[in-house]
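Just below is one structure, and these are the notes that go with it.
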Protein chains: 4
Amino acid sequence: MSANSVSVGILGATGYTGIELLRLLHGHPFARVDCMTSERYAGQPIEAVFPHLHGHDLPTLSKIGEHDLGSLDAVFGCLPHGTTQDVIRELPRGPKVIDLSADFRLRDPEAYERTYGQPHRAILRQQDAVYGLTEQARDAIRATDLVANPGCYPTTAQLPLWPLLEARLIDAGDIIIDAKSGVTGAGRSAKESSLFSEVSEGLHAYGVSTHRHTPEIEQGLSEAAGQPVAVTFTPHLVPMNRGILATIYVRLVPGVDVQDVQAELERSYEGEPFARVLPFRSLPATRHVRSTNACLMAVHPGRTPDRAILLSATDNLVKGASGQALQNMNLMLGLQETAGLDQPALFP
Amino acid sequence: MSANSVSVGILGATGYTGIELLRLLHGHPFARVDCMTSERYAGQPIEAVFPHLHGHDLPTLSKIGEHDLGSLDAVFGCLPHGTTQDVIRELPRGPKVIDLSADFRLRDPEAYERTYGQPHRAILRQQDAVYGLTEQARDAIRATDLVANPGCYPTTAQLPLWPLLEARLIDAGDIIIDAKSGVTGAGRSAKESSLFSEVSEGLHAYGVSTHRHTPEIEQGLSEAAGQPVAVTFTPHLVPMNRGILATIYVRLVPGVDVQDVQAELERSYEGEPFARVLPFRSLPATRHVRSTNACLMAVHPGRTPDRAILLSATDNLVKGASGQALQNMNLMLGLQETAGLDQPALFP
Amino acid sequence: MSANSVSVGILGATGYTGIELLRLLHGHPFARVDCMTSERYAGQPIEAVFPHLHGHDLPTLSKIGEHDLGSLDAVFGCLPHGTTQDVIRELPRGPKVIDLSADFRLRDPEAYERTYGQPHRAILRQQDAVYGLTEQARDAIRATDLVANPGCYPTTAQLPLWPLLEARLIDAGDIIIDAKSGVTGAGRSAKESSLFSEVSEGLHAYGVSTHRHTPEIEQGLSEAAGQPVAVTFTPHLVPMNRGILATIYVRLVPGVDVQDVQAELERSYEGEPFARVLPFRSLPATRHVRSTNACLMAVHPGRTPDRAILLSATDNLVKGASGQALQNMNLMLGLQETAGLDQPALFP
Amino acid sequence: MSANSVSVGILGATGYTGIELLRLLHGHPFARVDCMTSERYAGQPIEAVFPHLHGHDLPTLSKIGEHDLGSLDAVFGCLPHGTTQDVIRELPRGPKVIDLSADFRLRDPEAYERTYGQPHRAILRQQDAVYGLTEQARDAIRATDLVANPGCYPTTAQLPLWPLLEARLIDAGDIIIDAKSGVTGAGRSAKESSLFSEVSEGLHAYGVSTHRHTPEIEQGLSEAAGQPVAVTFTPHLVPMNRGILATIYVRLVPGVDVQDVQAELERSYEGEPFARVLPFRSLPATRHVRSTNACLMAVHPGRTPDRAILLSATDNLVKGASGQALQNMNLMLGLQETAGLDQPALFP
């Protein structure tokens, strides 16, 4: 074991974000998975649940209480929202915590209660949590012990909008986000609505104007804009496993044209390893980012000069979940930000 | 043969819209397919090209010049745009013509030339053509010899917007149409971009602000609004065979609320067999209309009171192409409008 | 209501075979659905569960005890195996019963108990049940009150094998059936193993040498062969909604060649509306039969002269379930056998 | 650049096997891609053709003649069969050559001509070529300059059969291979038969008893058996991108039982990094090996004691093509055999 190796735990390792973390950590030069919990499968090797993980020398699944979590350098929370806060509240201080649930994302406890239908039960820790949209919060992420890892839709939507609002190029009162997601976004629980025969060969919108990611998106964009922002957000379910494409309709502030938008995005993300602005009028596909931590962004002119269209594509399980979580862990532990995340897309 | 039987021809029968017409005509109580052309497969039985059509007693494929088209009661044009106008220009008068290509949809020859990159070569016939969005043009369709059958995107987008513009409930200057289509919309030609491995497991936008269906949509909506309308239209390609979902973002005219929108749509399409307005906040899926001529529409409130979101779902090969064409033929020939179109959806 | 209309009930109408029956019965010239049961959704209209069935004027879902089943002309059982026998045992005599579960398929109660792990609880009715592989049992089906509708795999496998065994052209001791099925074969229950993300983009075998359809296949083939037949049967799950393809490896009896096999199949199924033998060396695809009651069969030579390969394709929900059930109902009630079943395939 | 870095070229880099090599080589600790050819896209960067490869610092695409191929340490041939032999015949000696086409796989020039319909034009080099089924030919691979990389079906089928034939446990005269492949196996050329709408939602067999991989499989198995072997081989096309599952039916030699088969396979592949024998009666899925170089094998008892069923799963683009090619390069250059190939599967 290398002197600079990092001991990592995954709480809730048998969901899609948990196994995606295992995939990425396998390629990490320093990280070592020492603890994987699963209340349902405790006592079993991971390959009994996921045969594709055979042969990677991973620890046996355990219950949360069975491992000394305080001895770990980093803990990823891949538990369902609601129960996560109870677990994280009781965690010993010491390990850096990256929580992939929604529990610590909303800073305002009232917004949390309004959105999730119950009072928050770990308000003290919530006050310390840093919202981990990496490219917009690096310094705070480096300094905190608890990162609330952004949702997949919020990551994909905020990355192109944040710099444009900050630079006051677009109208904060007229933002429409039409987002399309693959099915892994719904998780691995056995629901009729996620069955192959209910999901394949078709498309539908859901949670129109009511999806729980809306307040999360608005929280970030309001910070960027320096004023309250309300967005129209419509998610859709697409018959594919991975990927989110957000098609974003914005109105340009008078005097701004679409090339200013392109230029501002390029300037803002220059040199970024994962947030990449494509040439003007490019057409990013979710296929181009499958299995990678990239967010591809493109700018298009609207039909009228005061409008622009932004396209933003991510892999919902990577930059939209486990990849960004790992990126955040790297920052929190002072490692190279791209460690474990430098792989080409799998295509086809 | 029944006294009231109708003799039908299909020009270009071996594309997806051609074989979809054959499927629908099979269930038509009066129609009889007497002529099917294919320059590529002339001389062969249709089941040599499409084994699933075996046993339906259809005529052998022929070249266009080989059949006396003047003897037919109705002719469907399923040829590529551009070549269609040359064929239709030479057609004998007599048969009702329903053209599924884009050649006769744009009334303004200059708009045609601008959009399709060449001057129109059958301007005389174009002057007579009726744009066949059935629910909005019944009387004109009944009276004409040539229907320009609407495109799949234009059909799906115009049906919910038309009555709202006519009733002046929404702002004609702020309409955004985010549309998602299955792969049959790209036709059957062998293109790399339509290969299974290039299309499955992913999503992308294309033709952003430039798609050729935009002027077609704007032509209709301008007529409905009584003023020029420019729309933002973004099509996306989804890994499924059939279906279009249009998610449409509109701004309400001051004093109008979202329930007025719901009420106007319900009033407008009351009693319509195919244009169906679902209860407020419904979530139509393309699966619900697969293989049928239905257009399902739903109204949702926006995040702010001045906005509403419209959802509209069709099967791009049926209401978006061959089904609406048959609906139009029925009207042109004085038959029952729903003849051949009364089948439940195939699900799953 | 027509004088010759037929009153039909469906027990368990909200599974995939139930709604497929509704789809087919909609096109039936005489049948009228008067009763649809669902213990889970009783009291609701069917479109609350399946929006695609809106507008077809169907009765409200009820519990089994709420309708006078004795007044019906025909009852389809679409209930899970195991509970079906209890329901059918209590049915009033009168209606013709077509049971789509496995409960009445195995004639030998011991074979039933061995296969399904519990003693049969309706042995008296089981004695009367006719195994409804239509093309091989028409007279018995016409004469009975209870048809045990064959399973999807057994239908697809038995149709090509039955005549060859009867004619003693193939070795009854060397039959290998490699079958591939779409996902609707697993039903609509919410199981992890049927989730889109667990089933798409991959393939696997299951139930190797142990699948419960094996004794059912062997029962029929033993009858055809006049001797006990044991088959090797391997099912596979394919990422598609509908369709079964059986690839069957047989050894020819000495003196028989592959053209004899082709000729015997052609002779045997000559004039059959649904069991169709394709020209020698054809390649039937499940796409060619989607949504239809057809079984397409083809014969291929093996690599050595003593072997032949049979291909057999069906839609598992139609000829493999609801379509054959309707075909059987037609026979039992003296109607035209093809009534409601004469539709072209949906492609793509 | 490391002292022990390896300079690699890819001829025909813009097909699916070419870009898969690029993906794998990216993770290789020593290899450096110095030359990528494409007659069609020469002069362009690879990301112009495959946007997902952006940012990996790869050389511009060139024509074959434009690069000094003799300066490379290894050359991968990803060209179509037929033209490959002309290119390889002219290659300067020096670089190790791994050819992924079919051109050098058949040792017997007459078998080549019979199978591919033309005489071989590089017979001299063919005499030196080693058939690169790595686990069965390591020493020869290490010693040669030209490896004929096995086809995807032959790899998947031969790995489980080879040791059983060598050990004389199964009847060499009664082997049936029923194989199912994803669509990337058909390559990236624009063919109607590979269109999304022609391939999705269905399944079919093709090349029954005539597929060109049959002689390749038989060549290897004959060598293993020490006698001529003829196999029944039936490929099928499955609507998924990657993966092959071979379901193999064998007859046991008298005195052998299925546990002997399991034991022999385990013994034979003990310690192998990629050829893995699963516990008795396991059900390998292609999902378990997607994106990896693994071949998973499992043994099942047949319905009768003299039969066994073997399951074998690979990713057709990795162990079935580019991964095995890289494994062979590693051997040829004296590198660690697993270099660049140690990644977990991508799931879902």
Side-chain angles (χ1 to χ4, degrees), chain B residues 16 19-27 29 46-58 182-185 187-188 197 200-201 239-242 272-274 276 278-279 282-292 294 296 298 313 315-318 338 342-348, chain C residues 16 19-27 29 46-58 182-185 187-188 197 200-201 239-242 272-274 276 278-279 282-292 294 296 298 313 315-318 338 342-348:
Chain B
Y16 290 142
I19 58 169
E20 186 70 0
L21 270 168
L22 292 172
R23 182 180 75 85
L24 296 169
L25 286 164
H26 178 82
I46 186 77
E47 58 261 39
V49 190
F50 292 105
H52 75 281
L53 288 171
H54 175 100
H56 292 295
D57 200 21
L58 292 162
V183 185
T184 51
R188 204 189 184 217
S197 299
S200 65
E201 276 296 298
M240 59 187 188
N241 284 305
R242 289 164 178 255
E272 284 289 347
F274 302 119
R276 283 181 37 220
L278 301 180
S282 291
L283 297 169
T286 62
R287 286 168 210 92
H288 302 157
V289 298
R290 184 166 46 201
S291 78
T292 81
L296 300 188
D315 182 325
N316 59 302
L317 288 179
V318 193
T338 58
D342 172 35
Q343 297 169 23
L346 186 78
F347 175 84
Chain C
Y16 290 142
I19 59 170
E20 187 69 359
L21 270 168
L22 292 172
R23 181 179 77 84
L24 296 168
L25 286 164
H26 177 83
I46 185 79
E47 58 261 38
V49 190
F50 291 104
H52 76 280
L53 288 171
H54 176 101
H56 291 294
D57 200 21
L58 291 162
V183 184
T184 51
R188 205 190 184 216
S197 298
S200 65
E201 276 295 299
M240 59 187 188
N241 285 305
R242 289 165 177 257
E272 284 288 347
F274 302 119
R276 284 180 37 219
L278 302 180
S282 291
L283 296 169
T286 62
R287 286 167 210 93
H288 302 158
V289 297
R290 185 166 46 201
S291 77
T292 81
L296 300 188
D315 182 325
N316 59 302
L317 288 180
V318 193
T338 59
D342 173 34
Q343 298 170 24
L346 186 78
F347 175 84

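Residue numbers begin at 1 in each chain, while the letters A, B, ... track the order of the sequences. It should be emphasised that the depicted structure is a prediction, and the values quoted were computed from it without experimental measurement.
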Rounded to the nearest 0.5 Å, what separates atom NE2 in His52(C) from atom OG1 in Thr286(B)?
13.0 Å

Proximity breakdown for Phe347(C) and chain B, heavy-atom pairs closer than 4.5 Å:
both

Using a cut-off of under 4.5 Å on heavy-atom pairs, state which of His288(B), Arg290(B), His56(B), Arg287(B) scores highest against chain C.
His288(B)

Largest heavy-atom contact set with chain B, pairs under 4.5 Å, which of Ala294(C), Pro348(C), Pro273(C)
Pro348(C)

With a 4.5 angstrom heavy-atom cut-off, could you sort out which part of Leu317(C) is near chain B: side chain, backbone, both or neither?
side chain

Measure distances from Leu346(C) to the heavy atoms of chain B and classify the residue's part below 4.5 Å as side chain, backbone, both or neither.
both

Pick from His26(C), Arg188(C), Gln343(C) with the largest number of heavy-atom pairs that fall under 4.5 Å of chain B
His26(C)

Residue part contacting chain B, namely of Arg23(C), when any heavy atom lies under 4.5 Å:
both

About how many Å separate OG of Ser282(B) and NE2 of His54(C), when rounded to the nearest 0.5 Å?
10.0 Å

